[in-house]
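Computed from a prediction, not measured in an experiment: that's the story for all the values here. Residue numbering restarts at 1 for every chain, and letters A, B, ... go by the order of the sequence lines.
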Amino acid sequence: MNSIQIRQAFLDFFSSKQHFVANSAPMVIKNDPTLMFTNAGMNQFKDIFLGNSPANHLRIANSQKCLRVSGKHNDLEEVGHDTYHHTMFEMLGNWSFGDYFKKEAIAWGWELLTEVYGLEKNRLYVTVFGGDKADGLEPDNEAYDYWKAFVSEDRILYGSKKDNFWEMGEIGPCGPCSEIHIDLRDEDERQAMPGKDLVNNDHPQVVEIWNLVFIQFNRMNNGELKSLPAKHVDTGMGFERLCMALQGKKSNYDTDVFQPYIQKLAEMTGISYGSGKMTDVAMRVVSDHLRAVAFAIADGELPSNNKAGYVIRRILRRAIRYGYTFLEFREPFVHKLLPVMVENMGKAFPELTAQQDLISRVIAEEETTFLRTLSVGIHKFDQYLAAHPEKKVVDGQFAFELFDTYGFPIDLTRLMAREQGWEVDMEGFAAGMEAQKTRSRAAGTIETGDWVELKPATAETLFLGYDQLEAEVELIKYRRVSSKGKTYYQLVFDKTPFYAESGGQVGDRGVLESGDTKIHISDTQKENNLVVHIAEKIPQQMPSHFLAKVDGRKRQLTANNHTATHLLHAALREVLGHHVQQKGSLVNEERLRFDFSHFSRMTQEEIEKVEQIVNARIRENISQEEHREMEMAEAQNMGAMALFGEKYGDKVRVISFDKKFSTELCGGTHVHSTGQIGLFRIVSEGAIAAGIRRVEAITGADAERFVNEKIKELDAIRSLLRNPKDTVHAVEQLLEQNESLRKKLDAAQKDQAGQLVEEMAAKTEKIGGVNFIGQLVEMDAKMAKDLAFAIKNKVDNLFLVLGHAIDGKPGIVVMISENLVKERNLHAGNIVRNLAAHIQGGGGGQPFFATAGGKNPAGLDKVISEARKLLV
RNA sequence: GGGGAAUUAGCUCAGUUGGCUAGAGCGUUUGGCUGGCAGCCAAGAGGUCAUCGGUUCGAGCCCGAUAUUCUCCA
């Protein structure tokens with residue numbers, strides 16, 4: 001079976017057991033401060049396990065794309081060095097939410113592996129939870145007994161709490177798990193040592209392929225375990241490992257999941273896989289990382305310099321680094337593997353196919369910039385070597401600077417050093433790294449207080465803000481949060497008219513009133529599905545009931561901009577084409593920002609066209625059409641476009657302004673009819689990444705002000721030009737005139753300067769065989785300097801002292817011909833310093849030319865006379 | 001969120017304890033030479049050294065703020 005068939009067989013199998021086949025959730029997570037990426041199949045069902053949301057299907061099966069770059073068993077720096085670690089991987093899972101339990105999960109698991117996939121039974125082992133005294137838990141004999149029906153008892157092993165008891169976190173749902181392991185070793189090895197001794201022993205060919213978790217407890221705050229009324233099944237099977245097992249390979253990278261990339265790399269480099277240790281590692285690294293990065297970009301996460309975007313950048317750069325060092329790539333190459341990936345996975349993951357062009361460009365762009373970073377680093381490194389030729393050891397601090405400031409990888413520094421017979425002081429490097437980490441940690445500490453719970457939460461906070469801006473609300477819980485000396489409070493209510501920041505729209509501001517008590521809410525945010533109201537100050541005695549009032553003006557202005565964003569989106573697609581897709585959006589009370597996929601600069605005509613369309617739609621005063629709870633399928637039939645990387649429930653909210661023009665899935669707040677927006681103006685257009693452009697625009701009174709200011713400005717110019725018929729032409733003429741006058745003036749000044757030089761030259765005195773000129777002139781330092789150089793070209797054997805003053809600021813210029821400098825060992829710098837004493841100043845310069853400035857113009861005469869004396 | 005850096009000609013970059021009339025290569029313009037393969041020679045244009053403020057007699061260089069970009073850590 002190839003990998004595509006293997007994935008399909010899994011989904012088909014569980015579909016035949018009445019499972020709903022769900023799509024993979026986005027790999028990049030939004031609205032969860034604790035998690036940046038999906039790292040397990042269960043992430044998208046977290047709210048169901050926590051009891052925050054009900055399950056829409058009791059049985060679900062899916063393949064979930066996951067990403068892990070750090071954690072207990074995952075270190076990015078190790079991926080590629082062995083045969084089984086990955087950053088991005090697929091997790092096949094089947095789920096029961098309060099429906100079937102251990103019996104079916106075990107029976108179906110066995111059936112799928114042995115009958116559908118046809119794995120040899122004598123290679124399989126299963127583990128069950130062996131009990132734990134501290135938690136007062138018995139061994140999971142229930143699971144043991146179910147397994148007994150299929151597996152001989154010498155293949156059922158008891159496992160420890162570490163291996164066979166699964167917990168989501170410190171507290172929350174948890175339970176025993178049962179794992180299926182497979183022994184993939186050759187016959188003779190299996191004879192030599194039984195596989196059961198290698199289970200859970202980090203043997204690369206005796207591996208866990210499937211973990212069945214039976215969630216039956218809830219871990220309470222005090223550590224106690226409480227039995228759950230609804231028991232769940234959560235299973236996860238590593239897709240890449242399964243492929244290895246089914247295809248009879250010894251390494252995940254030998255399966256058709258990875259080989260296409262590896263073969264392509266071999267073709268590109270002329271190096272065959274298997275021919276060298278480090279070239280093999282590099283090929284594995286590149287093929288693994290390509291998948292991770294491509295999926296992340298497809299989900300809307302671009303390489304950048306912080307948070308999730310930074311993780312993506314690091315992964316991609318690691319791939320480039322290995323390609324650069326071991327495969328000798330000097331030009332962007334990773335993006336050239338993308339077509340192979342789309343061919344392999346495009347069917348199962350349509351987001352790849354749809355955005356292939358964009359992903360390719362983003363990767364290529366990042367490759368180019370990183371190769372540039374590398375060349376800057378190499379340059380710095382060479383300079384360092386040249387500056388310390390005898391050292392033979394690269395300073396740790398410098399190596400760290402290269403890494404920290406210029407992004408130059410430490411292993412490359414070491415490699416280059418070794419090539420020159422140098423060492424790198426790794427201790428110094430580590431010290432710099434440690435200091436950096438300490439600094440960051442100290443700055444990033446957030447102190448979160450315990451929730452003060454007034455009332456048990458029964459459901460998610462109900463949002464009332466679509467219909468009303470004021471409401472009676474009840475406080476559920478609140479807590480204090482401090483970071484870096486700033487303290488604020490988070491408040492959660494049973495219901496609220498406040499809109500929490502999401503979908504690009506900023507959170508609401510407003511006030512809570514209870515009797516005489518007023519609490520100002522400065523922002524409203526979402527943590528997963530929790531709506532959190534932010535207050536800087538709260539009273540000592542917290543009331544439980546409030547009248548919550550949203551700042552209506554801010555809300556209205558924000559709604560103007562949000563609706564305008566929808567109109568803009570539709571207009572862009574009309575003008576530029578259907579490849580335009582939203583890639584990011586910010587909507588607040590001042591302006592809107594819209595990022596979208598498009599590959600070239602918008603022309604002035606295109607921008608105007610878009611503005612015209614949007615403004616026409618505003619004048620049509622189209623009424624908002626809202627569907628608050630629509631089936632996803634129905635919404636898509638209406639033409640509403642789902643965004644890649646966005647997570648949607650089964651029921652979605654659909655907002656249309658003229659169904660044929662703009663229909664979007666959106667949770668934001670909008671105007672009732674477009675006329676309220678008044679006016680729409682684009683104020684900027686530019687690129688933010690390869691293939692992604694950003695438009696910023698304003699609406700309403702802000703747009704009006706913007707236009708008025710432009711008109712005022714033009715009026716002012718026109719009136720300065722005495723209201724010409726053609727303003728542009730008038731300005732052009734003015735500029736031309738100005739240019740020609742400037743040239744004339746230049747010529748005249750040159751002429752004058754020439755005369756001045758002549759005059760000065762005529763005042764040459766022969767003193768001691770030297771052409772001495774000592775004069776006072778009325779000009780500034782710059783002019784005096786120019787004059788001095790001009791005279792120098794005219795008079796040889798020159799000793800020139802100019803005393804200049806303008807606006808009461810005196811200065812001195814000393815110029816001495818080079819021959820005199822040499823013959824008489826003169827130094828203009830020293831001379832000018834001495835002379836400057838007479839004008840209460842200081843100065844300096846080179847041997848042949850020096851300047852000084854001072855405070856006392858009256859001393860200038862003395863300067864000249866003293867200068868003359870120097871030659872006598 | 002915190003740290004480090006960069007910003008000089010159209011492009012790529014030099015510019016060494018503040019003394020600079022700010023340079024190089026490539027590109028560009030003009031002229032001359034040359035029988036071609038990115039030909040050679042000469043001359044020229046092109047810079048408010050990111051912006052604003054400060055220190056200083058004097059700032060591309062030192063200090064502070066801002067903007068933009070790069071980079072590392074969380």
Side-chain angles (χ1 to χ4, degrees), chain A residues 33-34 36 69-70 303-311 313-314 317 365-366 368-377 379-380 382-383 386-387 397-410 413 429-430 432-446 481-486 686-689 739 743 753 780-793 803-806 808-815 827-857 859-860 863:
Chain A
T34 63
M36 288 193 291
V69 287
S70 59
S304 78
N305 60 355
N306 55 34
K307 301 264 160 74
Y310 183 59
V311 174
R313 168 170 284 174
R314 261 171 54 203
R317 291 190 166 191
E365 170 83 15
E366 182 68 19
T368 308
T369 60
F370 185 56
L371 287 171
R372 204 186 137 84
T373 298
L374 288 183
S375 77
V376 169
H379 186 69
K380 291 262 169 207
D382 289 343
Q383 280 183 333
Q397 208 183 333
F398 173 72
F400 181 70
E401 184 193 324
L402 266 184
F403 170 76
D404 183 50
T405 303
Y406 299 97
F408 199 74
I410 182 65
T413 306
F429 176 82
M433 199 74 205
E434 197 46 48
Q436 156 94 306
K437 286 187 176 175
T438 315
R439 230 182 358 247
S440 286
R441 258 194 295 269
T445 48
I446 300 177
V481 178
S482 31
S483 73
K484 289 203 305 158
K486 268 186 247 164
I688 58 161
E739 180 67 9
K743 277 187 182 149
D780 64 21
K782 169 88 171 109
M783 285 165 73
K785 187 191 250 180
D786 287 341
L787 180 61
F789 275 90
I791 295 171
K792 179 186 164 218
N793 289 336
H804 60 87
I806 200 160
K809 277 193 83 173
I812 309 166
V813 173
V814 175
M815 174 72 82
H827 195 292
N830 298 334
I831 293 167
V832 86
R833 202 167 292 124
N834 291 331
L835 294 175
H838 303 298
I839 54 167
Q840 290 167 29
Q846 306 145 85
F848 79 101
F849 173 77
T851 58
K855 294 184 180 114
N856 178 21
L860 283 174
V863 167

Could you measure between the two [atom1] atoms, the one in [N] and the one in [M], and give it in whole Å?
| N | M | atom1 | result |
| --- | --- | --- | --- |
| G32(B) | C49(B) | P | 37 Å |
| G23(B) | G35(B) | P | 37 Å |
| U29(B) | A9(B) | C1' | 15 Å |
| G19(B) | U71(B) | C1' | 35 Å |
| G31(B) | U69(B) | C1' | 42 Å |
| G4(B) | C62(B) | P | 16 Å |
| C11(B) | A50(B) | P | 14 Å |
| U56(B) | G64(B) | C1' | 16 Å |

Describe the nucleic acid contact of Ala836(A) in one word from base, sugar-phosphate, nothing, applying a heavy-atom distance below 4.0 Å.
->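 If one applies the 4.0 Å heavy-atom cut-off, Ala836(A) turns out to touch nothing in the nucleic acid.
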What is the nucleic acid contact for Gly842(A), judged by heavy atoms within less than 4.0 Å: base, sugar-phosphate only, or nothing?
->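 Gly842(A): base contact, heavy atoms under 4.0 Å.
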Could you tell me how far apart [X] ([atom1]) and [N] ([atom2]) are, to the nearest whole angstrom?
| X | N | atom1 | atom2 | result |
| --- | --- | --- | --- | --- |
| Glu434(A) | G2(B) | CD | C1' | 15 Å |
| Asn856(A) | C57(B) | CG | C1' | 13 Å |
| His379(A) | A24(B) | NE2 | P | 18 Å |
| Asp382(A) | C13(B) | CG | C1' | 15 Å |
| Gln383(A) | A6(B) | CD | P | 12 Å |
| Arg833(A) | C57(B) | CZ | P | 13 Å |
| Ile831(A) | G19(B) | CD1 | C1' | 15 Å |
| Lys380(A) | C13(B) | NZ | C1' | 11 Å |

Short side-chain N/O contact from Gln846(A) to OP1 or OP2 of C20(B), under 4.0 Å |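 Yes, Gln846(A) has a side-chain N/O under 4.0 Å of OP1/OP2 on C20(B).
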Mind checking whether [X] and [Y] have side chains closer than 4.5 Å, heavy atoms only?
| X | Y | answer |
| --- | --- | --- |
| Thr369(A) | Arg317(A) | yes |
| Thr851(A) | Val832(A) | no |
| Lys380(A) | Tyr406(A) | yes |

Heavy-atom neighbours of Lys792(A) NZ exceed 12 at 6.0 Å =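 Result for NZ/Lys792(A): enclosed.
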Gln397(A), CD: over 12 other non-hydrogen atoms inside 6.0 angstrom =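 No.
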Quick one, give me the B/S/- string for nucleotides 64-74 of chain B, reading 5' to 3', where B means a protein heavy atom under 4.0 Å from the base and S means that only happens at the primed atoms, P, OP1 or OP2.
-> -------BBBB
Dot-bracket assigned to RNA chain B with the 3.5 Å Watson-Crick/G-U criterion, [ ] for crossing and | for other-strand pairs, is (((((((..((((.....[...)))).((((((.....)))))).....(((((..]....)))))))))))).
Any donor-acceptor N/O pair, Ser375(A) side chain to Arg372(A) backbone, under 3.5 Å =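 Checking the backbone N and O of Arg372(A) against the side chain of Ser375(A), a donor-acceptor pair under 3.5 Å is found.
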If each of Val376(A) and Phe849(A) is mapped to the nucleotide of RNA chain B with the nearest heavy atom, which maps nearer the 5' terminus, i.e. the 5' end?
->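 Its nearest nucleotide lies further toward 5', so the answer is Val376(A).
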Sequence neighbours left out, what passes ring-ring contact (aromatic ring centres under 6.0 Å, His included) with Phe403(A)? Give chain and number order.
->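 Phe403(A): ring-ring contact (aromatic ring centres under 6.0 Å, His included) contacts with Phe429(A).
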Please round to the nearest 0.5 Å and tell me the distance separating atom [atom1] of [X] and atom [atom2] of [Y].
| X | Y | atom1 | atom2 | result |
| --- | --- | --- | --- | --- |
| Glu434(A) | Arg439(A) | CD | CZ | 11.0 Å |
| Lys307(A) | Arg313(A) | NZ | CZ | 15.0 Å |
| Met36(A) | Tyr310(A) | CE | OH | 11.0 Å |

